[in-house]
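Residue indices begin at 1 and follow the sequence shown.
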Amino acid sequence: MKKKIFVCMMCMLLVIGMSGCEKRKQWIFSLHGEKLYDKDVMAFGIVYGSEHNIANSEQLNEIYEGKMTYQEYYKEQFSEAVIETTILYAEAKQKGYKLSKEAEQEVYDKADALVERYSEEWLEIKNLKRDDIVEVYKKKALGDLYIEKEMKTEEEKKGNSQKEETERYVRIFQVTFPTVKLDDEGMVISNSNGEMETVSEEEKEKRKQEAEAFAESAKAGGNLTELLKEYDSKVTGMERVLKYADLDEAYKKAVDELDEKEISGIIESDYGYYVIELLESDDNSHAQKLAGYKEDVVFDEEKGDIISKLLDVYAKEEKEYRNHEKWDEISFASFLR
């Protein structure tokens, strides 16, 4: 009899234990074969908060836009980030993509920086270790790798694998002797037809003579900034970076005839007369910066298209990918140090 009672009690404890376990292991997100539990979401949230420099928990109850609080806004944005990262990671894993040694090291460096910032003790309070943070950064890195490879594949299909040549930009110091009318703030005055109003022929001739004298003095070794002080405030000088292809023929000709650090003669335009010093005939750093910016814009657009297609498949509401009851229990403040 005692044996039967003991067995029954053990069975009951086992059932209760399994029920408790099941409750603790209830998923919050289930996407593309990947399930995220409390611990996973906590690690994701801490990384998200760190990357977006969200540290003011007192701000969370303030209104962000309309009736939405910062708490609701951050949680909504965080949810989208988790969903996107998880789906992209699952796609990368499915295709067998692996991080390079350099990319892996970057993952470890990021995780170490976060642990140092928040402390191991604080992470332990959240039931997390360094490895949990590493796992989040790995998923993010593999998701980015998937995007890169997909974009490369698309480029190859389109035959656009070759990058466009970078545009040529010239860096100059330009001194302007205006022949258009300017207001007290230096803005061009236009007539009722939107056309620039010009000064009299006599004043134009005076500006031309001033520009020629300036060019002569500059070519003789005069400092451009110092020489400018001899003229009225409407004569201005500034360093500019200009796209060579956009220059008019007179300006191009002047640029082409100069070596770096040389001073031009006067260049006539509808705006007035220019005298330039050629600082760099091919400003590669500026061209590369602009090319990089264009690549970033294209990358973001194409990444958005790829993610959008995946979301249509794996994150439709009818898929029941989010456990709303568990998700509603989560406070964004729990991710903040």
Side-chain angles (χ1 to χ4, degrees), residues 28-29 31-32 34 36-62 64-65 68-93 97 99-100 102-148 150-151 292-293 295-304 306-308 310-311 315 322 327 330-337:
I28 299 174
F29 291 98
L31 293 150
H32 202 349
E34 298 290 321
L36 300 183
Y37 300 92
D38 293 286
K39 192 174 182 180
D40 306 307
V41 172
M42 179 61 70
F44 257 111
I46 290 170
V47 169
Y48 182 88
S50 174
E51 288 186 334
H52 291 78
N53 292 313
I54 304 169
N56 186 2
S57 58
E58 295 177 2
Q59 181 196 42
L60 296 181
N61 292 323
E62 294 176 10
Y64 172 70
E65 282 183 2
M68 181 180 278
T69 63
Y70 277 92
Q71 153 89 335
E72 293 165 335
Y73 170 73
Y74 288 143
K75 195 173 175 182
E76 184 180 281
Q77 295 298 304
F78 168 61
S79 173
E80 291 177 7
V82 171
I83 292 166
E84 290 177 8
T85 299
T86 303
I87 292 174
L88 292 174
Y89 164 71
E91 285 286 308
K93 191 170 73 169
Y97 294 154
L99 294 177
S100 65
E102 293 80 7
E104 278 194 344
Q105 187 57 53
E106 188 175 346
V107 163
Y108 296 133
D109 290 344
K110 286 180 178 179
D112 288 338
L114 186 144
V115 172
E116 185 177 350
R117 177 181 177 184
Y118 287 86
S119 83
E120 290 183 0
E121 292 75 18
W122 186 79
L123 290 174
E124 283 177 10
I125 294 171
K126 300 294 183 179
N127 196 31
L128 297 176
K129 295 182 179 179
R130 172 182 178 272
D131 288 349
D132 299 309
I133 304 301
V134 167
E135 188 64 20
V136 174
Y137 280 119
K138 273 188 177 178
K139 286 180 177 180
K140 287 170 64 66
L142 276 167
D144 289 342
L145 179 62
Y146 172 79
I147 290 289
E148 287 172 16
E150 283 298 298
M151 286 176 60
Y293 172 75
E295 285 179 11
D296 288 344
V297 171
V298 171
F299 179 86
D300 287 342
E301 287 176 353
E302 295 190 10
K303 178 180 177 180
I306 292 168
I307 290 173
S308 181
L310 291 172
L311 290 175
R322 179 164 49 205
W327 176 246
I330 294 173
S331 166
F332 194 86
S334 64
F335 306 141
L336 306 182
R337 179 77 164 89

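- Between the side chain of Lys75 and the backbone N or O of Trp327, at least one donor-acceptor pair lies under 3.5 Å.
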Show your reasoning for whether side-chain contact (heavy atoms from CB on, under 4.5 Å) applies to Tyr70 and Tyr74.
CA-CA 6 Å; Tyr70 277 92; Tyr74 288 143; 3.7 Å; yes
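- In this structure, CD in Gln59 is found 10.0 Å from OH in Tyr64, a value given to the nearest 0.5 Å.
- At least one donor-acceptor pair closer than 3.5 Å links the side chain of Glu72 to the backbone N or O of Thr69.
- Taken to the nearest 0.5 Å, the CD1 atom of Ile87 stands 10.5 Å off from the CD atom of Glu34.
- Under the side chain to side chain contact (heavy atoms under 4.5 Å, CB included) rule, Phe44 has a single partner from Ile133, Thr85, Asp132, which is Thr85.
- Distance check, rounded to the nearest 0.5 Å: CD1 of Ile147 to CG of Leu310 gives 7.5 Å.
- A donor-acceptor pair is defined here as one N or O able to donate and one able to accept, closer than 3.5 Å; no such pair exists between the side chain of Gln71 and the backbone of Ser331.
- Considering all non-hydrogen atoms of both residues, Ile46 and Tyr118 come closest at O-OH, 4.0 Å.
- Atoms NZ and OH, on Lys110 and Tyr137 in that order, are 7.0 Å from each other to the nearest 0.5 Å.
- Going from atom CD1 of Ile307 over to atom CD1 of Ile83 covers 11.5 Å, rounded to the nearest 0.5 Å.
- Looking at every heavy atom in both residues, Asn127 comes nearest to Lys39 through O-CE, 3.1 Å.
- The local environment of NZ in Lys126 is crowded, with over 12 non-hydrogen atoms from other residues, nucleotides or ligands closer than 6.0 Å.
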Arg117/Arg337 under side-chain contact (heavy atoms from CB on, under 4.5 Å): CA gap, chis, key distance, verdict:
CA-CA 9 Å; Arg117 177 181 177 184; Arg337 179 77 164 89; over 6 Å; no
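- Asp109 contributes atom CG, which lies 11.5 Å from atom CD of Glu102 (distance to the nearest 0.5 angstrom).
- Within the structure, every pair that satisfies the salt bridge (Lys or Arg N to Asp or Glu O under 4.0 Å) test and touches residues 40-59, not counting sequence neighbours, is listed here: Glu51-Lys140.
- Annotation: cation-pi geometry satisfied between Lys139 and Tyr89 (NZ/CZ under 6.0 angstrom from ring centroid, within 45° of ring axis).
- For Arg130, the side-chain hydrogen bond (donor to acceptor under 3.5 Å, both in side chains) criterion is met by Asp112, not counting sequence neighbours.
- Applying the 6.0 Å contact sphere to CD of Glu120 captures no more than 12 heavy atoms from other residues, nucleotides or ligands.
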Quick one: do Phe78 and Ile54 satisfy side-chain contact (heavy atoms from CB on, under 4.5 Å)? Show the steps, please.
CA-CA 12 Å; Phe78 168 61; Ile54 304 169; over 6 Å; no
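- Between Leu336 and Ala55 the shortest heavy-atom distance is CD1-C, 4.4 Å.
- Side-chain contact between Gln77 and His52 is absent, with no heavy atoms from C-beta onward closer than 4.5 Å.
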Yes or no on side-chain contact (heavy atoms from CB on, under 4.5 Å) for Phe335 and Ile330, after CA distance, side-chain angles and deciding distance?
CA-CA 10 Å; Phe335 306 141; Ile330 294 173; 3.7 Å; yes
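- The side-chain heavy atoms of Tyr48 and Val82, taken from C-beta on, include no pair separated by under 4.5 Å.
- Minimum interatomic distance between Val107 and Ala141 (heavy atoms only, all atoms of both residues): CG2-CB, 3.9 Å.
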